Amino acid sequence: MKRILILGAGGQIGSELVPHLRGIYGNDNVIATDVNADKCKHLDGSGPFEPLNALDGEAFSAIVKRYRVDAIFNLVALLSAAGERDPRLAWNVNIGALTNSLYIGKDNGCAVFTPSSIGAFGNDTPKDKTPQDTLQRSNTTIYGVCKVAGELLGDYYYHRFGVDTRSVRFPGLISHVAMPGGGTTDYAVDIFYAAVRDGAFTCNVAAGTYMDMMYMPDALDAVVRLMEADPARLKHRNSFNIAAMSFDPEALAAAIRRHLPAFRLSYDVDPVKQAIADSWPNSMDDTCAREEWDWAPRYDLPAMTAEMLDRIREKLAR
Ligand code: SER
């Protein structure tokens with residue numbers, strides 16, 4: 001990868017992936033784009049930015065040509081709970097941005113990275129140690145339908161046209177720079193702000209609901225490692241299970257109480273989010289990612305919790 005285009009640079013992942021990639025590949029070689037320029041203000045001056053609606057294929061293609069891009073990172077998506085509010089919009093945005101990335105990637109010789117998710121699994125999938133290759137009838141959210149279709153589209157463009165498509169199934173991502181929004185795993189971010197600010201949190205997902213989670217620095221590392229991996233080693237492409245930690249709200253609260261002993265957790269369960277969470281794995285088996293491109297996370301629950309609390313304390317103090 002020499003010149004990288006990021007779609008959705010102002011989102012939860014993009015806000016940290018852009019600076020991370022600029023640190024590795026050089027500021028001028030990472031072109032940030034977003035439909036909402038305001039969300040990218042914090043990137044100001046650190047490298048190129050272009051306002052872009054990823055659904056506008058002509059404008060998208062022109063930017064790829066102008067900057068001679070050789071890798072496209074498509075981070076555009078409505079998350080799971082947001083998708084349920086407007087499934088038609090979610091399909092159009094999530095699949096539209098991906099389709100454009102794939103055909104523009106094909107026409108311009110670009111590699112294409114697009115995240116998949118734990119949402120690519122459904123009620124019929126084995127819940128514990130969910131295998132890399134397994135049943136994926138993810139038909140309870142439009143988000144999941146898009147993720148399964150997206151994985152297939154990525155593999156199709158690789159087999160049919162030789163496009164270098166690669167992807168990971170991200171767990172819920174925990175971070176402190178930009179907020180997620182409209183996801184089912186958002187509680188695992190919100191809880192830290194509430195813990196620091198109020199010493200208490202009301203959780204919209206029930207006790208005993210286990211899901212895979214990951215701290216953002218590991219997610220950024222995964223993206224770079226996978227995209228730089230020797231293609232000869234890749235038996236899979238779209239998409240790799242990657243895992244770092246699995247917990248339920250009680251276990252997360254217990255980890256927070258090691259730093260804030262008085263922290264209180266209560267529940268007001270959102271039935272839409274609960275049904276989504278119940279349809280997703282408790283924990284994924286990431287053996288293939290470890291074997292094929294040396295995936296190895298650094299943060300477990302205690303390490304992530306300690307760092308999140310520190311960073312959010314600093315942030316709220318500012
Ligand atoms: N974090 C996403 C969501 O909750 C899952 O990939 O929708």
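Read the numbers this way: they start at 1 and go in the same order the structure lists the ligands and their atoms. What you see is a predicted model, and the numbers here were worked out from it, not measured in a lab.
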Discussion item. Given S80, G183, P115, S117, identify the one with the heavy atom nearest to atom 6 (O) of ligand 1.
Written reply: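 Minimum heavy-atom distance to atom 6 (O) of ligand 1 goes to S117.
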Worksheet item: What atoms in ligand 1 come closer than 4.0 Å to a heavy atom of L79?
Response: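 Near L79, meaning under 4.0 Å from one of its heavy atoms, ligand 1 has 7 (O).
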Worksheet item: Which of the atoms in ligand 1, numbered in the order shown and given with their element, are less than 4.0 Å from a heavy-atom of W280?
Response: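 Numbered from 1, ligand 1 contributes 3 (C), 4 (O), 5 (C), 7 (O).
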Practice prompt. Mind checking the OG1-NE2 spacing from T165 to H159? Nearest 0.5 Å is all I need.
Written response: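 If I round to the nearest 0.5 Å, the distance is 8.0 Å.
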Worksheet item: Can you tell me the protein heavy atom closest to atom 4 (O) of ligand 1 and the distance?
Response: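 Minimum-distance protein heavy atom for atom 4 (O) of ligand 1 reads T184 N, 2.6 Å.
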Practice prompt. Measure the distance from atom 1 (N) of ligand 1 to every protein heavy atom, then report the residue, atom name and distance (to 0.1 Å) of the closest one.
Written response: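 Ranking protein heavy atoms by distance from atom 1 (N) of ligand 1, first comes T185 OG1, 2.8 Å.
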Worksheet item: Which part of Y187 is near ligand 1, with near meaning a heavy atom under 4.0 Å away: side chain, backbone, both or neither?
Response: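 Near ligand 1, Y187 shows nothing, with every heavy atom at 4.0 Å or more.
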Worksheet item: More than 12 foreign heavy atoms under 6.0 Å from CZ of R137: is that the case here?
Response: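 Counting other residues, nucleotides and ligands, CZ of R137 stays at 12 neighbours or fewer.
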Discussion item. If only side-chain N and O atoms count, and only distance matters, is there a donor-acceptor pair under 3.5 Å linking H236 with E292?
Written reply: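 Note: E292 and H236 side chains meet the donor-acceptor criterion.
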Worksheet item: Aromatic rings Y143 and W280: how do their planes relate, parallel, tilted or perpendicular, breaks at 30° and 60°?
Response: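 Y143 and W280: tilted rings.
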Worksheet item: Is the closest basic N to carboxylate O distance between D164 and R237 below 4.0 Å?
Response: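 Between R237 and D164 there is a salt bridge, with a charged N closer than 4.0 Å to a carboxylate O.
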